[in-house]
Amino acid sequence: MSIATLSPLYDRVKSVIPPFEWPAFAPDIEAILELKRERDAVILAHNYQTPEIFHCVADIVGDSLALAREAMKTDARVIVLAGVHFMAETAKLLNPSKQVLIPDLRAGCALAESITAADVRLLRQRYPGVPIVTYVNTSAAVKAESDICCTSGNARKIVESLGVPKVIMLPDEYLAQNVARETGVEIVTWAGHCEVHERFTAADVRQLRRGHPGIVVLAHPECPPEVVVEADFAGSTAAMVDYVDKKKPARVVLMTECSMSDNVAAQHPDIEFIRPCNLCPHMKRTTLPKIRHALETMTHEVTVDPMIATAARRAVERMLAI
Ligand code: SF4
């Protein structure tokens, strides 16, 4: 394969990657496509991965929920998770017999690190009988202490499915507050925040509306509640993609991580994307050279203690069943 042969792939990203940058990406893309065949590997990429990963080497793309679901369907022997560590752990929980690799072991998540399994045990003691709903953006050890998991895409549905007046929802305080407002269920929260979404403010939304008349504002539910209230629509990254695909607003802003807008814009060159950029440094640890290295050396393998895995898998599978 040559750089010229890869041009159909460049067509997918030409509206967000200038031609002079493409030769810097093409050799790694070519090598990764070949290595995937040799290793019987698939690449799962989160919506926050950069366009050359998302559009050019990934086999499955989506939000945490989609990646968890699709991870279960693959026949490949190896899964490379282009995302952060908790996502790789979730893929491993659902595919215990497969080899799961993460290109950079330091790709963590500030939100996931805000809570430990011991914290969850203390909450269970303090609120006996109150179900614990845990966001997938947590370690396997935290999931293992929980009754059921949720994502930003299904949090409301999961809470409503429990049919109780009060739940504990961990660790994202803003997601929990947004779900409490939508459902009327009393929610005990934890003071964890996503460092990307907590930076958006209601003043940002108002400024965007003043500066860009007619703009449609889509917000992620990890944003503070006052941002979600001011937005035209709030939903997971998958729900935002769906909104843009179906409604095709002339001008839009996605109040979420930077690469998400690039990835959606690549598929909608006719839509004007306004991009106030909040970057996730953890997501950006994954690069094409690191994915290539992961497949060349079969590192870094992600494992989960079998005792923890059994309990954590139960919480994830309960979510997937709803
Ligand atoms: S965007 Fe937020 S929740 Fe997602 S990995 Fe980065 S810090 Fe964690």
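Start at 1 with the first residue, then count along the sequence. It should be emphasised that the depicted structure is a prediction, and the values quoted were computed from it without experimental measurement. Counting starts at 1 for both ligands and their atoms, in listed order.
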Nearest neighbour in protein (non-hydrogen) for atom 8 (Fe) of ligand 1: Cys109 SG, 2.4 Å

Show me which atoms of ligand 1 lie under 4.0 Å from any heavy atom of Val196. 1 (S)

Phe86: heavy atom below 4.0 Å from ligand 1, yes or no? no

Which residue in the set Asp172, Ile168, Ile115 passes side-chain contact (heavy atoms from CB on, under 4.5 Å) when paired with Trp190? Ile115

Could you tell me whether ligand 1 has any atom less than 4.0 Å away from a heavy atom of Glu222? yes

Side chain to side chain donor-acceptor pair (under 3.5 Å) between Ser259 and Asp262: does it pass, once the steps are laid out? CA-CA 5 Å; Ser259 292; Asp262 292 338; 4.7 Å; no

Quick one: nearest non-hydrogen protein atom to atom 2 (Fe) of ligand 1, plus distance? Cys194 SG, 2.3 Å

Check whether any N, O or S atom of Cys280, backbone or side chain, sits closer than 2.8 Å to atom 6 (Fe) of ligand 1. yes

Determine whether the aromatic ring centres of His197 and Tyr174 lie less than 6.0 Å apart. no

Does any donor atom in the side chain of Tyr48 or Thr237 lie under 3.5 Å from an acceptor atom in the other side chain? no

Got more than 12 heavy atoms from elsewhere within 6.0 Å of NZ, Lys248? yes

For atom 3 (S) of ligand 1, which protein heavy atom lies nearest, and how many Å away is it? Asn137 ND2, 3.3 Å

Are Asp104 and His300 close enough, and set up right, to give a side chain to side chain donor-acceptor pair (under 3.5 Å), and what steps lead you there? CA-CA 7 Å; Asp104 189 325; His300 305 276; 5.9 Å; no

